[in-house]
Structure formats: C-alpha cells, structure tokens
There are 2 protein chains.
Amino acid sequence: MAILDATNELLHAHGLEQLSIEAVAARAGVGKQTIYRWWPNRAVLVADALLERDDLGPAAPADTGDVFADLGRWAGHLAASLGSPRGAATLRMLTAAATDDEETSRRLHEKFSGPLQEQANARLAAASDLPATAAQRRNAVDAIIGFMVFRVLAHQQLTRRGATEMARSVLRGLQAG
Amino acid sequence: MAILDATNELLHAHGLEQLSIEAVAARAGVGKQTIYRWWPNRAVLVADALLERDDLGPAAPADTGDVFADLGRWAGHLAASLGSPRGAATLRMLTAAATDDEETSRRLHEKFSGPLQEQANARLAAASDLPATAAQRRNAVDAIIGFMVFRVLAHQQLTRRGATEMARSVLRGLQAG
DNA sequence: CACCAAACGAGACGCTGCGTCTCGTTTGGT
DNA sequence: ACCAAACGAGACGCAGCGTCTCGTTTGGTG
C-alpha cells in the first residue's frame with residue numbers, strides 16, 4: 001500500500017512527532033478519507049507501517065546442542081538489529097505509538113515480542129540440561145528482551161557482544177536455579 | 001508549583017494524549033505564557049510533573065549479608081511500585097514523553113534509572129562472593145529493570161513475587177559466571 | 001514609603017492539523 | 001452494460017498551538 005510506504009518515509013525523515021495524516025495523504029497521493037477508512041487513528045497507522053518492514057527480529061535460534069551459544073548468538077543478532085540507528089529509531093517510534101493506545105500496544109507485542117518469546121522459548125524448552133519451569137523460561141526471555149528495549153529507550157549503548165554476554169549470564173542463572 | 005500539580009491531575013484523569021497546555025493553564029489558573037516561559041514543550045512539562053511525585057522507585061536495598069535476598073526484596077518492591085495501576089500509568093506516560101524528545105529522555109533516565117542502577121550496583125559491589133566485573137553488574141541490573149519496564153509497557157502482569165524470583169535468577173547467573 | 005522592572009493572568013491572533021462531510025470519478029464484479 | 005463500493009480531492013468547523021500584546025501584582029532597591 002502506497003499509504004504505508006509514505007508513512008514509513010515520513011516517519012524516518014521527520015520523526016513521529018511531525019507526522020500528520022494530511023502529510024501522509026499528500027505524499028501518498030491519496031484522499032484523507034481513504035486513510036481514515038482503513039485506520040482508526042495515527043498510532044495504528046504508524047504501527048502498521050513500521051511493522052510492514054519487519055526487518056526487526058532475527059531468525060529463530062539454531063540448535064547446535066549448546067543452548068548458551070545458540071541463544072547468545074540469537075541475542076547478539078537481535079541486539080545488532082535493535083541497536084542500529086534505524087532499528088533503534090523504529091523501536092522508539094513503535095514504543096511511542098504503543099503508549100498512545102492500549103489496543104495498539106497489544107497488537108504490537110503480539111507481532112513483535114510474541115514471536116521472539118516463542119523462538120527463544122522453544123529453543124530453551126529443547127535444552128534438556130536446563131531444569132527450568134515454563135514461567136522461569138518466560139522470565140528469562142523477557143529479561144533478555146527487556147534489557148535490550150530498555151537500553152534502546154534510554155539511549156544507552158547496545159552492542160552485539162554485550163547482549164550476547166548478558167543473555168548467557170541470564171541463562172546461567174536459569175541453570176543454576 | 002500549581003502548574004505541576006494541575007498537570008499531574010489532568011494526566012491521571014484524562015491521559016497524556018488529551019493533555020493540552022491550554023487545559024493545564026486553565027486548571028492551574030495561570031496564563032499560557034507562564035507555562036511557556038518555564039517549559040519549552042509538553043514533554044518536559046510532563047516529565048517534570050510526573051517526577052515531582054517521585055513515589056516511584058524503592059529505597060536502597062538493605063545489606064543483610066545475603067545479596068540474593070537483599071536485591072530480590074528490592075526488585076520486589078520496585079515491581080510492586082511499577083506494577084500498581086498508578087505506577088504503571090506513570091511509567092508509560094514517562095516513556096511516551098521521553099520518546100518525544102531525546103533531551104527529556106536523558107534527563108528522565110538520569111533521574112529515574114540512574115538512582116536505581118546506583119542503588120543496586122552499590123549493593124552488588126559490596127557482595128564479595130560475586131566475582132563480577134562492573135560491566136557485568138551493570139548488565140544484570142539493566143536486565144532486572146528492563147524486565148519490569150518491558151512487562152509494564154507490554155501490559156503484561158508484573159508481580160512482586162515474579163520480579164523477586166527473576167532478579168535472583170539473574171544474579172545467580174552472575175555468580176555462576 | 002516610593003519606585004520599577006520582572007513576572008504574572010488574561011485572552012486575542014493567525015495558523016496547522018484534526019475528523020467529518022460532500023462532491024464527481026474510477027474500478028471490479030455480476 | 002450496469003452498479004455499488006471505494007476512491008482523490010478538498011471544503012468545513014473546531015481544537016489547540018505558540019506568539020503577541022494588554023493591564024495588573026509583586027518583590028527587591030534606594
């Protein structure tokens with residue numbers, strides 16, 4: 001859809017603050033009513049546009065037999081994606097759009113964090129040497145994701161190496177429990 | 001300041017979205033110019049107002065000799081604060097205000113996460129049985145905080161017990177490293 | 001006490017963008 | 001060939017923006 005493309009362009013050109021429905025309509029060569037027909041508000045439109053280019057989020061972690069290495073690498077890839085200028089900007093704008101509207105927030109986490117949770121959790125569950133409950137696994141994965149989200153939102157550095165080490169450390173805690 | 005009080009009331013009554021400078025001025029019995037004289041934009045005003053009532057964030061963790069118990073309890077208190085309806089709403093609005101403006105974001109994390117990092121890190125550093133580097137300690141604390149922030153932003157449950165267990169698990173990983 | 005400059009409450013101003021509403025015009029299915 | 005649904009365009013009234021003048025307190029100085 002030309003509307004989503006125009007929204008993406010304007011978002012990365014001028015930021016979420018400056019984005020007006022009128023500007024999107026003009027850029028997309030579209031009537032305002034067409035936008036309002038398909039999206040109830042700006043937050044939903046922004047979320048759709050940013051999620052359309054789903055270059056966030058890595059592929060599912062491999063299974064080499066070493067959970068620590070597999071999820072460490074997976075976390076590293078995720079950090080590289082979220083830590084890049086474009087990835088960080090996207091994550092921040094998604095967060096802002098999500099705080100505008102609870103429904104949007106649910107859809108966003110269903111589409112972004114949900115798959116991440118599932119990927120990591122599946123790999124964790126397949127590791128027979130980690131005697132963790134489902135709740136403990138979920139906590140650990142949320143800690144890994146939360147760490148990165150927090151670092152990005154706080155404008156603190158998020159490196160591939162740092163995320164990898166952090167993920168391994170959290171998993172070690174799971175093992176030691 | 002009456003302006004900050006009025007902002008707080010309107011924020012918790014109608015949400016960040018609905019907050020207009022004009023409404024704050026009217027509620028506070030103040031001219032608009034007075035607000036613009038002291039705050040450059042809405043994000044800064046909102047951050048100041050929400051941070052004025054700094055009932056977020058627990059006291060520094062005790063030192064009973066058991067790091068796991070101390071920081072577990074500390075994390076539990078923090079979770080109870082951030083997980084309460086009012087705390088969660090405050091955290092979400094602060095996040096939204098911070099994504100509007102990078103300068104505000106820095107000030108916010110300096111005033112909110114900074115002290116938390118410092119508290120937890122000091123207690124960690126005092127634990128002689130945790131052979132962690134400064135970077136590893138910082139990672140662990142950011143993971144604990146990030147976990148809670150992420151849970152709140154995602155509208156997922158954040159309980160005192162869950163946060164306590166999660167913090168202990170992360171610290172165990174620090175020990176096992 | 002008298003003075004004065006700085007900050008104040010009030011609100012007018014032009015402007016941008018909102019969300020709704022008509023227009024007449026494609027367009028795709030029957 | 002027809003028709004209803006979706007479309008591009010843009011007019012409309014409205015809310016709130018940020019700036020700008022007004023007199024009017026107010027607190028410090030002489």
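Below, all heavy atoms of this structure are taken into account, side chains as well, without hydrogens, waters or symmetry copies. Convention: sequence-line order gives letters A, B, ...; per-chain numbering from 1. Because the structure is a prediction, the values reported are computed rather than measured.
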Asks: Just by distance, no angles: are the side chains of A:D142 and A:Q117 close enough, under 3.5 Å, to form a donor-acceptor pair?
Replies: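 Their side chains do contain a donor-acceptor pair, which is all the 3.5 Å distance test asks for.
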
Asks: Could you walk me through whether B:D5 and B:R27 pass the salt bridge (Lys or Arg N to Asp or Glu O under 4.0 Å) test, one step at a time?
Replies: CA-CA 9 Å; B:D5 290 342; B:R27 165 73 87 119; over 6 Å; no

Asks: Let me know the distance between CZ of B:R37 and P of D:dG18, rounded to the nearest Å.
Replies: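 Atom CZ in B:R37 sits about 16 Å away from atom P in D:dG18.
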
Asks: Round to a whole Å and report the spacing from CD1 of B:I3 to C1' of C:dG9.
Replies: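 Answer to the nearest Å: 11 Å.
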
Asks: For B:I35 and D:dG18, give me the distance from atom CD1 to atom C1', rounded to whole Å.
Replies: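 In whole Å, D:dG18 C1' and B:I35 CD1 are 12 Å from each other.
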
Asks: Between D:dA6, D:dC17, D:dG8, which one does the side chain of A:V30 approach most closely?
Replies: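 Nucleotide nearest to A:V30's side chain: D:dG8.
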
Asks: Using whole Å, report how far CH2 of B:W38 lies from P of C:dA6.
Replies: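 Rounded to whole Å, this separation is 14 Å.
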
Asks: Can you tell me the distance, in whole Å, between the CZ atom of A:R27 and the C1' atom of D:dA9?
Replies: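 One finds 19 Å between C1' of D:dA9 and CZ of A:R27, rounded.
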
Asks: Look through every strand shown and name the nucleotide pairing with D:dG30 as Watson-Crick or G-U wobble, where both distances are under 3.5 Å.
Replies: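 Looking at the geometry, D:dG30 pairs with C:dC1.
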
Asks: Specify the residue among A:K32 and B:S20 whose closest nucleotide of DNA chain D lies further upstream toward the 5′ end.
Replies: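 First, find each residue's nearest nucleotide; the 5'-ward one identifies A:K32.
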
Asks: Does B:D101 use its side chain to pair, donor to acceptor, with the backbone of B:A43 at less than 3.5 Å?
Replies: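 A pair under 3.5 Å: no.
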
Asks: Can you tell me the distance, in whole Å, between the CD1 atom of B:I21 and the C1' atom of C:dG11?
Replies: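 Distance, rounded to whole Å: 16 Å.
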
Asks: A:Y36 side chain: which of C:dT20, D:dC7, D:dG18 is closest?
Replies: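 Shortest atom-to-atom distance from the side chain points to C:dT20.
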
Asks: Considering every strand shown, what is the Watson-Crick or G-U wobble mate of C:dG19 when both distances are under 3.5 Å?
Replies: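 Pairing partner, where one exists within any strand: D:dC12.
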
Asks: Nearest to the side chain of B:E22, heavy atoms from C-beta on, is which of C:dG17, D:dA6, D:dC17?
Replies: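 Selected nucleotide: D:dC17.
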
Asks: Can you tell whether the side chains of A:R106 and A:E102 come within less than 4.0 Å, N to carboxylate O?
Replies: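 Judged by the 4.0 Å cut-off on N to carboxylate O distance, A:R106 and A:E102 do form a salt bridge.
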
Asks: Which residues pass the ring-ring contact (aromatic ring centres under 6.0 Å, His included) test with B:H77, sequence neighbours left out?
Replies: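 In terms of ring-ring contact (aromatic ring centres under 6.0 Å, His included), with neighbours along the sequence ignored, B:H77 is linked to no residue.
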
Asks: Rounded to whole angstrom units, what separation is found between the CG atom of B:D100 and the C1' atom of D:dC17?
Replies: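 Interatomic distance, CG of B:D100 to C1' of D:dC17: 15 Å.
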
Asks: Starting at the 5' end of DNA chain C, which residue's closest nucleotide do you reach first, B:A28 or A:L19?
Replies: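 Here B:A28 is the residue nearer the 5' end.
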
Asks: Could you let me know what C:dG28 is paired to, Watson-Crick or G-U wobble, both distances under 3.5 Å, or none if it's on its own?
Replies: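 Its partner is D:dC3 (Watson-Crick or G-U wobble, both distances under 3.5 Å).
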
Asks: Quiz question: going by heavy-atom distance under 3.5 Å, is there a donor-acceptor pair between the base of D:dC7 and the side chain of A:Q33?
Replies: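 Between D:dC7 and A:Q33, which were checked side chain against base, a qualifying N/O pair under 3.5 Å is absent.
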
